[in-house]
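Since the structure is predicted, the reported quantities are computational estimates derived from the model, not experimental observations.
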Amino acid sequence: MRLYDTMSREIRELAPGDGKEFRFYCCGPTVYGPAHIGNFRTFLLQDVFRRTLELSGLDTFHVRNLTDVDDKTIRDSQAEGKPLKEFTGFWTDRFHIDCSALNMLEPHREPGAVDHIPHQIEMIRDLVEKGHAYSSEDGSVYYKVSSFEKYGRLSRLDQRELRAGASNAVVNDEYEKDQVADFALWKGRRKEDGDNYWDSPWGEGRPGWHLECSAMCREYLGDSFDLHSGGVDLIFPHHENEIAQSEACNGATMADHWFHLTHLLVDGGKMSKSANNFYTLTGLIEKGFSAAEVRFALICASYRQPLNFVAKDGDGKESFPALNSARQALERIARYEEALREKAGVDGLPDWEQVKAFEKGEVFAGAFAALENDLNTPETLGQVFSAIKRKKPEEMDSREAKDAWQGLHITLAGLGLKLPELSSAAVQDIPAEVRELAEKRSVARTNREWEESDRLRDEIAALGWEVKDGKEGFELCPIN
RNA sequence: GGCGAGGUAGCCAAGUGGUAAGGCCGGGCUCUGCAAAAGCUCUAUCGCGGGUUCGAUUCCCGCCCUCGCCUCCA
């Protein structure tokens, strides 16, 4: 598989460093509220990435952390009068529910910062000993950016700018740092933190945000691993700081590959909690969309391209262009899959493990190949629909149909798409009253009593169902 | 100001040095008592101006515009 690498700015072939298992780390959510679908765009594409690796025959080891102690988790847990652990636990559960609804594979490890305080302290001690960190009078410890020559390489910011504080942003310098660019490894205890402090060689306090990832990477993936991933907004300072911490401490290149995902936009601007323009999975489901449709919409654009998820017209009325096309598109794939399955004489849908053993076949080979080529999900979807148009199940023999069916499922598994149940599959849910009316109408039609037939159709519609006449009888679908 | 990404049909969105995938919407056709559904089908001189080239949307230069990051951020 080939993937763009932020560090080298080129598309590079991926291979596990140990020749066997591809080991990677993804920066996970801060659990202080519901994750919004912008966050999920990142996690979802990382999920597609992992699925693609596994389907192309690699074993993976996927670590994604939970940030369960930082300014916001502390602030908001206190506002709710809850212990930090209880507060973050609640939001962690909610996160997992959404992940599962979105059909995401679980990471192999999902470590939280609070459970790794000793690992972080140990790392700080190393950094202090090696001259990369210093403590201040208030019991904080800072990383000395000027001590790490390679600082700024990932984000291409040179040190001079950092020193000058070239940013327009107001520097919130509540702690005592030598240089503006220096960042906290350990934050000395303050009264606002309440009970949330731990002992350390520098006094009571809590770890800085950037440090947790370095410490947990080292714990679960070692000094060097294959790939590190997160949203583009983490390139600076978060990942830059992680590199500085890990590499100064471990003396090895932290990650071979850096995989960054572009933001989801709302009416042309970044979706974020602070801008209060965010949408959650639950909120979209309340609007009538399904989790599968949300997944489809979020992966339908290239991960390196911003995706405008919400558009607003002149009156500020919102619409969801990517989501609106998802239902039709998914149903179309589902109908094709059903026809293929019937032709192939296969029962039921395959699960993830079964799909891994499938042959890619010819019909959908291009679709899967596009995933392996820099995770080109829109190209993949384009190939899927082109193949659907090009190869009709009725023109295949059962052998061909089965090959195509397996190939389609490999692609769908790579994208992590679950197909919707077609309406005809839910016959048992139709109320008896509606079914009786429909039967009566069918009789009326046979007798060419069109007025009676149309009257019955209206009656059925009033009950919330739509009749569709086919060659072999009728079909009933719920309206909306 | 620095760094980065981008401007492709009504909307969303790929891609290529040789006249542009796909999805949605809309139009047409087939089917049908009608309708719906479904299937088929139609819809673009690729931001502007130069340059290189036999040929550029694709490469180079300039310009305009949009967005992100510049220490809260997926």
Starting at [atom1] of [X] and ending at [atom2] of [N], how long is that distance when rounded to a whole Å?
X         : N      : atom1 : atom2 : value
Glu395(A) : C40(B) : CD    : P     : 10 Å
His238(A) : C70(B) : NE2   : P     : 14 Å
Leu265(A) : G68(B) : CG    : P     : 7 Å
Asp454(A) : C34(B) : CG    : C1'   : 6 Å
Lys270(A) : C67(B) : NZ    : P     : 14 Å
Leu456(A) : G33(B) : CG    : C1'   : 15 Å
Arg445(A) : A35(B) : CZ    : P     : 12 Å
Arg9(A)   : A5(B)  : CZ    : P     : 7 Å

Using only modelled atom types and a 3.5 angstrom limit, is any donor from either the side chain of [X] or the base of [N] paired with an acceptor on the other?
X         : N      : value
Arg156(A) : C69(B) : no
Ser453(A) : G33(B) : yes
Asp469(A) : C34(B) : yes

TODO: Answer yes when Lys312(A) and Glu318(A) have at least one side-chain N-carboxylate O distance shorter than 4.0 Å, and no when they do not.
DONE: no

Open item on the list: Looking at Arg206(A) and Glu212(A), is there a salt bridge between them, counting it only when a charged N and a carboxylate O are closer than 4.0 Å?
Closed with: no

So what does [X] hit on the nucleic acid, given a heavy-atom distance under 4.0 Å: a base, only sugar-phosphate, or nothing?
X         : result
Gly230(A) : sugar-phosphate
Thr42(A)  : base
Arg441(A) : base
Leu234(A) : sugar-phosphate
Lys273(A) : nothing
Val384(A) : nothing
Arg457(A) : base

Open item on the list: Here's one to test your reading of the geometry: is the NZ or CZ of Lys187(A) within 45 degrees of the ring axis of Tyr142(A) and under 6.0 Å from its centre?
Closed with: no

Task: Residue among Pro34(A), Ser77(A), Pro29(A) satisfying side chain to side chain contact (heavy atoms under 4.5 Å, CB included) with Trp91(A) - done: Pro34(A)

Open item on the list: Please report the distance separating the C1' of A14(B) from the corresponding atom of U71(B), rounded so that it comes out in whole Å.
Closed with: 35 Å

Open item on the list: Roughly how many Å apart are G50(B) and C12(B), using the P atom of each and rounding to a whole number?
Closed with: 29 Å

- [ ] Treat a base pair as Watson-Crick or G-U wobble with both distances under 3.5 Å, then lay out RNA chain B in dot-bracket form, 5' to 3', with | for cross-strand pairs.
- [x] (((((((..(((.........))).(((((.......)))))....(((((.......))))))))))))....

Open item on the list: Could you check, using the six-membered ring where one of them is a Trp, whether His260(A) and His239(A) have ring centers closer than 6.0 angstrom?
Closed with: yes

TODO: Indicate, with yes or no, if the rings of His228(A) and His257(A) have centres closer together than 6.0 Å.
DONE: no

TODO: Please assess Tyr25(A) against Asp226(A) for the test side chain to side chain contact (heavy atoms under 4.5 Å, CB included), listing each intermediate value before the final yes or no.
DONE: CA-CA 8 Å; Tyr25(A) 184 93; Asp226(A) 294 312; over 6 Å; no

Open item on the list: Return a single string for nucleotides 9-21 of chain B, one symbol per nucleotide in 5' to 3' order, where B is base contact, S is sugar-phosphate-only contact and - is none, cutoff 4.0 angstrom on heavy atoms.
Closed with: --SSSSS-----B

Open item on the list: Looking at Ala438(A), is its backbone amide N or carbonyl O close enough to the side chain of Ser442(A) to form a donor-acceptor pair, meaning the two atoms are under 3.5 Å apart?
Closed with: no

Open item on the list: Tell me whether Phe385(A) and G22(B) count as stacked here, given that the ring centres must be under 5.5 Å apart and the planes must differ by less than 30 degrees.
Closed with: no

TODO: May I ask you to decide if the ring planes of His62(A) and His108(A) are parallel, tilted or perpendicular, using 30° and 60° as cut-offs?
DONE: perpendicular

